[in-house]
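Okay, so here's the structure we're looking at.
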2 protein chains.
Amino acid sequence: MPLSSAPADTDFEDTAFTARQEAVLEHALSLLVEGGEKALTTAGLARTANCSKESLYKWFGDRDGLLAAVVAYQASKVHFPPESGATADAATFRTHLTAFATELLAVLFGETSVALNRLSIGQSNRDDNRLGRLLRVRGKQMISAKARALLEAGRHRGYLKFDDAEEAYQVLYGLAVRDVHIRLLLGDQAKAEERDLKGQAATAVDRFYKLFGA
Amino acid sequence: MPLSSAPADTDFEDTAFTARQEAVLEHALSLLVEGGEKALTTAGLARTANCSKESLYKWFGDRDGLLAAVVAYQASKVHFPPESGATADAATFRTHLTAFATELLAVLFGETSVALNRLSIGQSNRDDNRLGRLLRVRGKQMISAKARALLEAGRHRGYLKFDDAEEAYQVLYGLAVRDVHIRLLLGDQAKAEERDLKGQAATAVDRFYKLFGA
DNA sequence: CCCGAACCGTACCGTACGGTACAAAGCCGG
DNA sequence: CCGGCTTTGTACCGTACGGTACGGTTCGGG
């Protein structure tokens with residue numbers, strides 16, 4: 001029972017859920033994916049997941065807590081594998097960079113990511129705005145840190161040349177994602193070429209090297 | 001009375017609003033900007049704009065129609081000035097391109113744009129999803145068309161080199177916007193440098209030329 | 001076997017909000 | 001001045017949903 005042991009409103013920094021709770025959150029996630037925020041009602045979730053509303057409120061406090069828990073739970077599932085031996089030589093480094101970009105796109109364009117981004121954005125003009133922060137901190141910042149490490153390693157080995165790793169990462173992000181993410185969020189369908197994540201990542205890395213290659 | 005003359009559900013393709021209606025929509029917009037979708041209630045808008053709910057429903061049909069009208073109205077206000085003499089020589093063309101990028105950022109990062117994007121995204125997992133389409137067609141596609149024209153002109157004069165204008169534009173978009181847009185949508189605050197739109201646009205164009213300059 | 005904790009299912013409450021109805025008030029052409 | 005419109009303000013209705021209460025059931029420990 002994470003909520004009763006912690007001071008309860010600490011943005012789920014530490015949260016670990018029980019198996020039952022995770023199962024429920026998984027149901028919540030699927031409801032979100034196919035119906036958006038409106039489809040995730042406490043009664044509906046209780047029915048879908050075969051649990052009682054009372055349990056929901058006991059576990060997550062209120063509906064906002066539930067939403068935050070869903071985001072936190074999904075975020076906890078995403079962890080890029082540690083890049084090992086990524087800088088062996090120039091070619092494998094570039095391969096790893098491309099793989100990273102591919103996985104970035106795969107995460108961003110995945111339907112659960114899209115659903116959660118929609119959810120968080122929809123809530124992001126409220127007083128406190130936990131969801132947006134959660135998604136930024138547990139999502140984007142993790143990835144960005146990973147990316148910076150990779151890029152810095154590349155620079156250290158002389159494969160890349162840049163001043164600010166964060167800035168370089170942002171450029172890579174922009175080259176890979178372009179406006180596809182926002183278009184997906186707005187309900188557009190990805191064009192055929194845009195579904196070829198590896199291809200998209202490859203050209204992005206291509207252009208990235210033209211800008212920051214040593 | 002636009003709605004009674006048209007078949008009513010035609011996505012406001014032609015819509016023109018009366019002065020009174022525009023005033024009301026302006027109020028709706030300000031409510032949206034500061035409070036998000038939840039803050040835009042029919043009763044609230046009626047009170048704020050000193051009009052009756054009955055008028056709202058007469059004009060816009062239902063709440064969804066109102067939302068669509070807000071989006072359509074705001075979109076109708078955005079029109080990039082026609083670029084004239086943009087291709088006089090290489091330097092002025094580049095200046096115009098930078099100006100375009102700057103204005104793109106200004107629009108995208110403006111608080112009303114952010115509010116409307118949030119609104120549309122929040123609604124974008126509904127059956128029909130007018131808002132997302134509206135925003136894409138009346139917003140992004142207009143801009144993209146403008147950009148393609150500009151870029152093609154540049155290529156024609158030999159300042160740029162690329163195969164697909166759309167693709168080139170997307171790269172420019174990515175270089176300029178990066179992940180700032182989505183971060184703003186998630187409630188993040190733009191960093192100091194990111195508020196220097198001209199600077200951001202300039203470096204973006206800089207990099208763009210490294211990729212597509214002749 | 002028994003006790004208590006957790007949990008399920010359901011029924012219930014309060015309220016906020018979308019949508020409608022209506023009386024009173026302004027506005028305008030004749 | 002009058003009759004017909006649009007608009008306003010208010011009052012009202014129905015409902016969906018967040019949140020709570022409670023009896024019944026399962027399950028693990030003593």
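Please read these numbers as outputs of a predicted model, since none were measured by experiment. Here is the naming used below: chain letters follow the sequence lines, and residue numbers restart at 1 for every chain. FYI, side chains are in, hydrogens and waters are out, and symmetry mates aren't considered; it's all heavy atoms of this structure.
- If you measure from atom CZ of A:Phe60 to atom P of D:dT20, you get 15 Å, rounded to the nearest angstrom.
- Partners of A:Tyr169 by side chain to side chain donor-acceptor pair (under 3.5 Å), not counting sequence neighbours: none found.
- Contact annotation: A:Trp59 side-chain N/O to C:dC7 OP1/OP2 distance is under 4.0 Å.
- Sorted by residue number, the members of residues 44-51 of chain B with any non-hydrogen atom under 4.0 Å from DNA chain D read B:Asn50, B:Cys51.
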Show me the side-chain donor-acceptor pairs of residues 22-31 of chain B shorter than 3.5 Å, one per line, residues at least two apart or across chains.
unit_1  : atom_1 : unit_2  : atom_2 : d
B:Glu26 : OE1    : B:Tyr73 : OH     : 2.5
B:Glu26 : OE2    : B:Lys77 : NZ     : 3.4
B:Ser30 : OG     : B:His27 : O      : 2.8

Every protein N/O lying under 3.5 Å from an N/O of nucleotides 14-18 of chain C:
unit_1 : atom_1 : unit_2  : atom_2 : d
C:dG18 : OP1    : B:Arg63 : NE     : 2.8
C:dG18 : OP2    : B:Thr42 : N      : 3.1
C:dG18 : OP2    : B:Thr42 : OG1    : 3.2

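- The phosphate of D:dT7 has neither OP1 nor OP2 within less than 4.0 Å of any side-chain N or O from B:Ser52.
- For the pair A:Ser124 and B:Arg118, the tightest heavy-atom approach, listed with the atom from each and the gap, is OG-NE, 2.9 Å.
- In this structure, the CG atom of B:Leu56 is 13 Å from the C1' atom of D:dG9, given to the nearest Å.
- Not a single side chain to side chain donor-acceptor pair (under 3.5 Å) links A:Asn125 to another residue, sequence neighbours left out.
- Atom C1' of nucleotide D:dT8 and atom CD of B:Gln21 are separated by 15 Å, given to the nearest angstrom.
- B:Glu167 places none of its side-chain heavy atoms less than 4.5 Å from the side chain of B:Phe162.
- Note: CG (B:Leu66) to C1' (C:dG19) measures 13 Å, nearest angstrom.
- Between the side chains of A:Arg63 and A:Thr42, no donor N or O sits under 3.5 Å from an acceptor N or O.
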| Can A:Thr203 and A:Arg207 be said to form a side chain to side chain donor-acceptor pair (under 3.5 Å), step by step? | CA-CA 6 Å; A:Thr203 52; A:Arg207 290 173 177 143; 4.6 Å; no
Only pairs under 3.5 Å count here: list side-chain donor-acceptor contacts from residues 170-179 of chain A, not counting sequence neighbours, and write none if there are none.
unit_1   : atom_1 : unit_2   : atom_2 : d
A:Gln170 : NE2    : A:Glu166 : OE2    : 3.0
A:Gln170 : NE2    : B:Asp179 : OD1    : 3.3
A:Tyr173 : OH     : A:Lys140 : NZ     : 3.4
A:Arg178 : NH1    : A:Gln200 : OE1    : 2.9
A:Asp179 : OD1    : A:Arg183 : NH1    : 3.2
A:Asp179 : OD1    : B:Gln170 : NE2    : 3.3

